[in-house]
Amino acid sequence: MAENLFATTRNHVVEALRQIVPDLPDAVLSRIEVTPTRDPSHGDMATNAALLAAKPARRKPAEIAAALAGALAALEGIDSAVAAGPGFVNITLSADSLRAVLPAVLREGIAFGDGAVGAGTRINVEYVSANPTGPMHVGHCRGAVVGDALANLLTKAGFAVTKEYYVNDAGAQVLALAWVVYWRYLEALGTKMPEAEFEALVPGGALQYRGEYLIPVGEALAARHGGALADADRRPLPEERWLDLVRDFSLDWMLRAIREDLALLGVRHDVFTSEREILARGVADEAIGRLDAAGLLYEGVLEPPKGKMTADWEARPQTLFRATQFGDDVDRPLRKADGANTYFANDIGYHGDKIARGADVLVDVLGADHGGYVSRMRSAVAAIAPSYSDRPVAFEAVICQIVHVLKDGQPVRMSKRAGTFVTLRDLLDEVGRDAVRFTMLTRKPDAQMEFDLDLAVAQTRDNPVFYVQYAHARCRSVLRAAAENGGFGAVDAASLGAVPLGSLQAEPELALVRRIANWPRVIEGAALAREPHRVAFYLNDLASDFHALWNRGRDDATLRFLQDAEPEATRARLALVEATATVIRSGLAVLGVEPVEEMR
RNA sequence: GCGCCCUUAGCUCAGUUGGAUAGAGCAACAGCCUUCUAAGCUGUGGGUCGGUGGUUCGAAUCCACCAGGGCGCGCCA
């Protein structure tokens, strides 16, 4: 039988409608939906087909709906189809065809719900891309989880996904990092230079990243190189003598720390691309050359921005990209005053590289502070894509809003200076990987969220992490008990997949079956919308349906899953329980959360 | 000043891309449970979907304007 009941029913609807109204344009047919009903009294599914067909057919919706209902009702597997409301057709499936989803789940395992909407489209998801200048903090964490879950979701929906991390290792930031590490290195050698004295040596005259997390880096540098990077008095040497080395050492250290953090979070990228490499390989120059060849570059002077502090602004001619031709607000500079590429220029090269490697869709998962970057990147991709690929290439951004961390109901202030800045490591230590990942996905990405540390570890109904894992643990508990009992036969998925299911008739049971049947649809919708949080909400609903069923047995022992007196009906229920557990695992796998066998 | 995002129940948030009477959890209220499945359960109340217009069979959803909040606005990344 069909693994996606909605898709097959939709096929029936389209077929029947074609008989009633021939020659409907594809634009209308493609908008036909078969959706779950909100109200069980409306049957299992509803379709808007008659409403859509009414206008082109110049007939009344109700008339078409009636004819459609008649045709559908005659089909095998459909118990009834009735016209309702302004022109909907409500469809009630036979219990048999509804329940047929269970053996499908048991056969396919957590692959149930895998979809084909991706159609093998090659999609590159770039996420995290935190600067390698410090440890990851909660701000990075949301993007990491959203990006990772999105990539998993897209894979499940049939896209060919590359998970990618862009290492910003070429700019002034990493030089600033190297200077601080060098300062810490001298400190490790026993040279305590006052900040002011050392800063006088630094280009720009200020130390960034003075956080204590760089002390071990300086110490490691001293352990590796001894006094070789300082003069005989252990005082600073000219930067030519050490800067490259210290920069590479620091980058290496930071990147390793970030990768460790990511590993703890369960995030694993397929590709790390280095900005310096993009530069060294000439990829950035190549892309800029293509823009130039297309006549999209010019030397010009930008208007000063309005309403912003413009104290240090001065008119200056620079190399500009005609972003306004592609929908951006202003043309964008590609060279800095010192002649080096802007970050944007290198990023154009990088995105060109992603296209050259075969991506059809480029998704950037960005923090809210990069929201202003989206329109220029979109215009750049639109400008360069035709020179890299014959196929259309899409650029999309998923913007992740700020996360406020709450402890005891109070906001935890994030401040590097005050030393209360919450690292990803802190967060993981506090609540654990599963709670971090799941909780980060309980809001849509573009809404600000509060992360309540107490709630994330609470074992109560209002903690969705707990609630969903508890549902899975209860499923497993029932199945273990059934196996130990021995009177119900084999309880593996294959055996349960062959069980007669006619005894599953109670409304809460069928509600759970309907929910399970909806899983492939959720995957498809969430993947197309790039919204992994929908999976988290679905799992909460699924858990809710299961807990409702479980709770029936609390007051009335005859409604429990395991009934010695009726082994056949029990086996049918076990099939339902096994299918539920399977779909929960299937969903948790997308979110990157571990299912648990038992709670304690 | 301009651009993007957000505004839904007292609180935190969903709302299946324009569908039927707008949902969930918490909180509130009422009842149940003193553990064979209560790290609780059942039920009730609660809404001008920020505001005003528009588009159409139909709007929380699309468009315009307005209000409030967030982010951003050359040579940072």
Any strand, both distances under 3.5 Å, Watson-Crick or G-U wobble: rC2(B) pairs with rG72(B)
So does Lys354(A) pair up with Asp364(A), basic N to acidic O under 4.0 Å? yes
Base of rA20(B) paired with side chain of Asn90(A) (donor-acceptor, under 3.5 Å): yes
Does Pro61(A) reach a base, just sugar-phosphate, or nothing at all? Heavy atoms under 4.0 Å. nothing
Could you tell me whether Arg332(A) and Asp328(A) have a side-chain N and a carboxylate O separated by less than 4.0 Å? yes
Test of ring centre spacing under 6.0 Å for Phe546(A) and His472(A): no
Looking across every strand, which nucleic acid part, if any, lies under 4.0 Å from Gly171(A) by heavy atom: base, sugar-phosphate, or nothing? sugar-phosphate
Salt bridge or not for Arg521(A) and Glu524(A), using N-O below 4.0 Å? no
Quick check against the 3.5 Å criterion: does Arg476(A) have a side-chain atom that pairs as donor or acceptor with the backbone of Glu598(A)? no
Could you tell me whether Ala458(A) contacts a base, only the sugar-phosphate backbone, or nothing, with contacts defined as non-hydrogen atoms closer than 4.0 Å? nothing
Just call it for Leu455(A): base, sugar-phosphate, or nothing, with non-hydrogen atoms closer than 4.0 Å on any strand. nothing
What contact category does Gln318(A) fall into here, base, sugar-phosphate, or nothing, at under 4.0 angstrom with non-hydrogen atoms? base
Under 4.0 angstrom, heavy atoms only, what part of the nucleic acid is Arg461(A) near: base, sugar-phosphate, or nothing? sugar-phosphate
Going 5' to 3' through nucleotides 5-16 of chain B and flagging B where a protein heavy-atom sits under 4.0 Å of the base, S where only the sugar-phosphate is that close, and - otherwise, we get SS-----SSSSB
Under 4.0 Å between any heavy atoms, over every strand shown, what does Tyr373(A) touch: base, sugar-phosphate, or nothing? Just pick one. base
For the rings on Tyr166(A) and Tyr350(A), is their centre-to-centre separation under 6.0 Å? yes
Please compare Ala548(A) and Pro86(A) by the position of their nearest nucleotide in RNA chain B and report the one closer to 5'. Pro86(A)
Using heavy atoms to find the nearest nucleotide of RNA chain B for Thr342(A) and Asp329(A) separately, return the residue whose nucleotide is more 5′. Asp329(A)
What is the nucleic acid contact for Arg335(A), judged by heavy atoms within less than 4.0 Å: base, sugar-phosphate only, or nothing? nothing
Given rA77(B), is OP1 or OP2 found less than 4.0 Å from the side-chain N or O atoms of Lys336(A)? yes
Mind checking Ala84(A) for me? I need base, sugar-phosphate or nothing, with any heavy atom below 4.0 Å counting as a touch. base
Does a distance-only test, which skips hydrogens and angles, find a donor-acceptor pair under 3.5 Å between the side chain of Tyr470(A) and the base of rA39(B)? yes
Minimum heavy-atom separation for Val491(A) and Leu479(A), please, with both atom names. CG2-O, 4.1 Å
Just call it for Ala529(A): base, sugar-phosphate, or nothing, with non-hydrogen atoms closer than 4.0 Å on any strand. base
Under 3.5 Å for both donor-acceptor distances, Watson-Crick or wobble: does rA20(B) have a partner, and if so which one? none
